[in-house]
Amino acid sequence: MCSDGRRRCLRPAGSRCRPRTRSGRSRSGRSCPHRIGRSSSTSRAGSTSRCRPRETPRAAGRFDETRRAVYTPGRLSVNPHYRPATLRPVRPLGRLRAPQPFVRGVPIVTVRTRIAPSPTGDPHVGTAYVALFNYCFARQHGGQFLLRIEDTDQVRSTRESEDAILKSLKWLGLTWDEGPDIGGPHGPYRQSERSAIYREHCDLLLERGHAFRCFCTPQRLDELRKVQQSGGQTAGYDGLCRGLSVAEAQSRALEGESHVVRMVVPRTGTCTINDRLRGTIEIDWVQVDMQVLLKSDGLPTYHLANVVDDHLMGITHVLRGEEWISSAPKHVLLYSYFGWEMPELCHLPLLRNPDKSKLSKRKNPTSIVYYERMGYLAEALLNYLGMMAWSMPDEREKFSLDEMVKAFDLSRVSLGGPVFDQAKLSWLNARYLRENLTPEQFVERVRTWALNTEYLGAVVPLVQSRIERLSDLGGLAGFFLQGTVEFRVEDLVIKGLDQEGLRRALQFTAWRLDEVTPFKSEPLGLALRQLAELCGVKAKDFLRPIFVALTGKPVSTPLFETMTVLGRDLCRARLRLAIEALGPMTAKEEKKWRKELDGVG
RNA sequence: GUCCCCAUCGUCUAGUCUGGCCCAGGACACCGGCCUUUCACGUCGGCGACGCGGGUUCAAAUCCCGCUGGGGACGCCA
């Protein structure tokens with residue numbers, strides 16, 4: 001009788017031994033169809049090579065979450081995924097060692113998760129979505145959730161963006177136990193402040209021959225990529241500098257020659273990744289590039305910094321977007337080079353645009369600030385994010401953060417990429433508005449949203465001299481309180497531009513607006529006047545359709561100041577609505593226009 | 001192009017692991033009725049999906065294989 005005792009079954013015991021579900025179908029014909037049977041954890045651990053049944057990825061959620069090396073009185077359970085490293089453990093240099101509390105000589109590992117945003121733009125709803133899942137997972141297991149800023153891209157990272165991200169996550173009600181703003185025992189939590197740590201670790205890899213210096217120029221790499229791509233090969237570094245002797249590389253580096261450090265990646269064999277939801281994923285090493293670890297500016301790339309920090313900060317579970325699956329082998333390799341234990345990986349499905357592509361601000365508002373300014377309540381947005389790819393066991397759709405934490409179960413994550421549907425978000429928000437707020441609380445919400453000194457105070461200078469009675473305010477400045485505005489298409493039309501020219505002009509404006517920093521009156525004016533010139537239209541005419549798109553009216557408050565008050569996100573959204581009203585941009589146009597705009601610089 | 005991931009109503013999803021309670025349940029959107037001075041809310045109803053083809057089985061949305069489709073990755077970005 002099979003091991004399922006509930007029913008009579010004639011199958012022999014062990015017949016439940018099955019290939020793992022869903023994942024890796026395409027490859028399972030290669031060897032043992034029972035995927036777990038050939039995972040390296042089994043063979044390296046020296047146990048029998050016979051296939052044995054194991055929980056499927058989804059079922060895994062019902063097992064011990066904290067199983068890396070959990071101390072429970074009288075029992076030590078060990079992570080079945082754990083593989084002894086192929087290399088000797090790193091020598092225990094104080095700072096190189098991960099923090100690990102002990103009780104009677106047994107390490108206690110609590111669940112520690114993190115969100116690690118890169119401060120290179122607006123706070124993204126995708127960041128909030130991943131943060132939410134990490135938060136819930138950690139909280140549910142009584143663990144910690146931390147925030148780390150991944151600002152190793154010196155060119156694109158800004159403090160302004162970092163502040164905005166922190167502010168938005170706080171607005172949503174997500175809190176972290178350690179982070180750049182509140183500190184913690186494993187800081188600093190800003191990668192730009194940890195360069196020495198990465199360099200130290202990079203040196204270690206260099207010393208052990210797991211990494212090498214590369215002196216190739218970006219030009220050579222560009223050409224290489226082109227050749228490879230046209231030849232239909234997998235693009236990737238060809239290993240030229242790998243052939244350099246250590247002595248030569250060292251002396252060239254010493255002479256100050258610009259170079260990067262790349263990791264050594266095997267050219268044969270297969271990397272096995274364990275994903276909490278997807279089971280075993282196999283990627284051939286040839287598919288993995290010899291990734292740059294340390295850039296020529298001396299700062300690490302994501303891959304190095306992320307692995308080093310996750311280890312040093314004691315991260316036990318990495319919940320991140322699906323887009324990272326293909327670079328997971330690099331991370332697996334780095335952990336093994338350092339001799340560190342791999343955290344458990346779990347790749348969440350990506351949020352999608354209505355056309356199913358990865359959520360992008362070109363096709364959908366993605367900034368948390370946009371949703372805040374549109375008048376969505378933080379708890380409604382967070383709730384909505386919680387029903388992306390996840391559902392309550394009782395299928396209830398409205399739930400608070402605390403309720404989500406209590407009921408959270410990773411195995412309830414569904415893998416199909418969810419489309420971010422603003423209509424459903426609006427419905428949910430409406431429910432919060434009428435079900436969760438007393439009239440007094442409602443008043444308070446409206447006040448904190450826009451009827452406050454800060455926001456109204458910014459509007460007043462623009463309207464005070466233009467109205468005769470206070471009651472004129474609604475007519476003149478109502479658009480400041482609206483999310484989107486209605487306009488007449490004929491009000492967009494100007495002399496000297498046909499419909500296509502007009503659409504192009506508005507699209508140029510939308511693009512430029514994303515680049516203008518700070519988003520203030522003067523730089524905006526400068527940028528838009530430049531665009532008018534580019535389009536061959538007088539500034540006065542050029543600005544009119546923008547004006548109409550943003551305010552809904554041909555006459556209103558001064559444009560640049562108005563834009564400043566409305567903010568980037570609302571401006572972008574309204575501009576897009578106007579463009580769509582005139583006829584949405586085609587892919588062809590996008591390519592052509594982008595080129596024309598970039599050509600000007 | 002190469003590699004990887006994924007696949008239930010238009011959308012979010014339950015059910016898939018542990019095959020039978022499923023000729024598939026809920027929600028959004030849409031359409032219609034009721035309630036109502038209007039609208040909204042509420043309420044009742046309608047429309048609407050297991051991508052296709054094989055296999056295993058007494059039995060397949062559920063397990064296996066193939067195909068198709070969608071997505072992601074292929075940076076001195078993260």
Side-chain angles (χ1 to χ4, degrees), chain A residues 2-4 6-7 16 18-29 33 55-62 116-121 150-153 155-157 214 216-218 221-222 225 228-236 258-262 273 275 277-278 281-284 286-289 291-297 299-303 305-306 320-329 347 349-350 352 354-358 384 387-398 411-412 414-428 430-431 434-435:
Chain A
C2 81
S3 41
D4 181 353
R6 282 177 303 175
R7 282 187 287 281
R16 285 170 65 207
R18 289 223 163 91
R20 307 186 59 168
T21 56
R22 287 180 171 251
S23 56
R25 283 178 190 162
S26 53
R27 276 177 175 267
S28 53
E55 72 272 25
T56 59
R58 281 173 184 242
R62 294 180 201 125
S118 173
T120 52
E150 308 230 323
D151 56 351
T152 53
D153 185 343
V155 181
R156 296 196 305 155
S157 297
C214 170
C216 293
T217 61
L221 297 174
D222 269 356
R225 246 189 299 277
Q228 286 170 331
Q229 236 140 37
S230 63
Q233 321 165 34
T234 314
S258 175
H259 68 284
V260 301
V261 176
R262 288 178 185 275
I273 301 144
D275 182 282
L277 290 168
R278 296 159 211 264
I281 299 171
E282 292 186 337
I283 296 174
D284 290 334
V286 260
Q287 296 297 329
V288 182
D289 196 12
Q291 182 63 47
V292 170
L293 296 177
L294 209 65
K295 300 180 272 186
S296 55
D297 64 5
L299 291 182
T301 57
Y302 167 85
H303 306 280
N306 164 72
R320 44 139 67 151
E322 200 180 355
E323 59 201 320
W324 291 107
I325 292 178
S326 49
S327 39
H347 293 96
L350 259 20
R352 313 287 186 99
D355 69 0
K356 291 274 186 186
S357 56
K358 168 171 147 182
Y384 183 68
M387 54 197 269
M388 296 278 87
W390 191 78
S391 60
M392 274 286 191
D394 62 2
E395 282 199 74
R396 150 171 62 118
E397 295 195 291
K398 189 169 162 231
S411 69
R412 290 192 66 81
S414 58
L415 263 17
V419 171
F420 191 94
D421 179 12
Q422 288 189 69
K424 189 151 187 177
L425 168 61
S426 294
W427 163 79
L428 227 207
R431 284 192 61 182
R434 59 177 179 260
E435 293 171 13

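In the text below, chain A, chain B and the rest are named by the order of the sequence lines, each starting its count at 1.
- Judged as a salt bridge (Lys or Arg N to Asp or Glu O under 4.0 Å), and not counting sequence neighbours, the contacts of A:Lys424 are A:Glu397.
- The closest side-chain heavy-atom distance from A:Val288 to A:Ile283 is below 4.5 Å.
- Here A:Ser258 pairs with A:Ser296 under the side chain to side chain contact (heavy atoms under 4.5 Å, CB included) rule; sequence neighbours left out.
- Contact annotation: A:Arg352 does not reach the phosphate of B:A7 (side-chain N/O to OP1 or OP2, under 4.0 Å).
- Taking atom P on both B:A49 and B:U2, the two are 35 Å apart, rounded to the nearest angstrom.
- In this structure, the side chain to side chain donor-acceptor pair (under 3.5 Å) partners of A:Asp153, at least two apart in sequence or on a different chain, are A:Arg156.
- B:A14 and B:G26: their C1' atoms are spaced 7 Å apart (whole Å).
- Nucleotide B:C30 is matched to B:G46 when pairs are restricted to Watson-Crick or G-U wobble geometry with both distances under 3.5 angstrom.
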Could you run down the sub-3.5 Å N/O contacts of the protein with nucleotides 10-12 of chain B?
residue	atom	partner	partner atom	Å
B:C12	OP1	A:Val419	N	2.9
B:C12	O2'	A:Met387	O	3.0
B:C12	O2	A:Lys424	NZ	3.3

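- Judged by Watson-Crick or G-U wobble contacts below 3.5 Å, the nucleotide B:C41 has no partner.
- Under the rule for a side chain to side chain contact (heavy atoms under 4.5 Å, CB included), the partners of A:Ala305 that lie at least two apart in sequence or sit in another chain are A:Thr152, A:Gln191, A:Tyr198, A:Pro300.
- Taking a cutoff of 4.0 Å between a charged side-chain nitrogen and a carboxylate oxygen, A:Lys358 and A:Glu322 do not qualify as a salt bridge.
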Give me the distances for all protein-to-nucleotides 42-50 of chain B N/O pairs that come in under 3.5 Å?
residue	atom	partner	partner atom	Å
B:G42	OP1	A:Arg434	NH2	3.4

What string of B, S and - do you get for nucleotides 73-78 of chain B, 5' to 3', if B is base contact, S is sugar-phosphate-only contact and - is no contact with any protein heavy atom under 4.0 Å?
-> SSSBBB
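- With sequence neighbours excluded, the residues satisfying side chain to side chain contact (heavy atoms under 4.5 Å, CB included) with A:Asp394 are A:Met392, A:Arg396.
- Pairing for B:C67 goes to B:G51, judged as Watson-Crick or G-U wobble with the two contacts each under 3.5 Å.
- In this view, A:Lys356 satisfies the salt bridge (Lys or Arg N to Asp or Glu O under 4.0 Å) rule with no residue, not counting sequence neighbours.
- In this structure, the CG atom of A:Leu350 is 19 Å from the P atom of B:C4, given to the nearest Å.
- Residues satisfying the side chain to side chain contact (heavy atoms under 4.5 Å, CB included) criterion with A:Lys398, sequence neighbours excluded, are A:Asn383, A:Leu428, A:Arg431, A:Tyr432, A:Glu435, A:Asn436.
- Evaluation of the salt bridge (Lys or Arg N to Asp or Glu O under 4.0 Å) rule for A:Glu395 yields no partner, not counting sequence neighbours.
- Remark: A:Arg352 pairs with no residue by the side chain to side chain donor-acceptor pair (under 3.5 Å) rule, at least two apart or across chains.
- One C1' atom belongs to B:G69, the other to B:G53, and the distance between them is 14 Å to the nearest Å.
- Comparing the same atom, P, in B:G71 and in B:G15 gives a spacing of 26 Å after rounding to whole Å.
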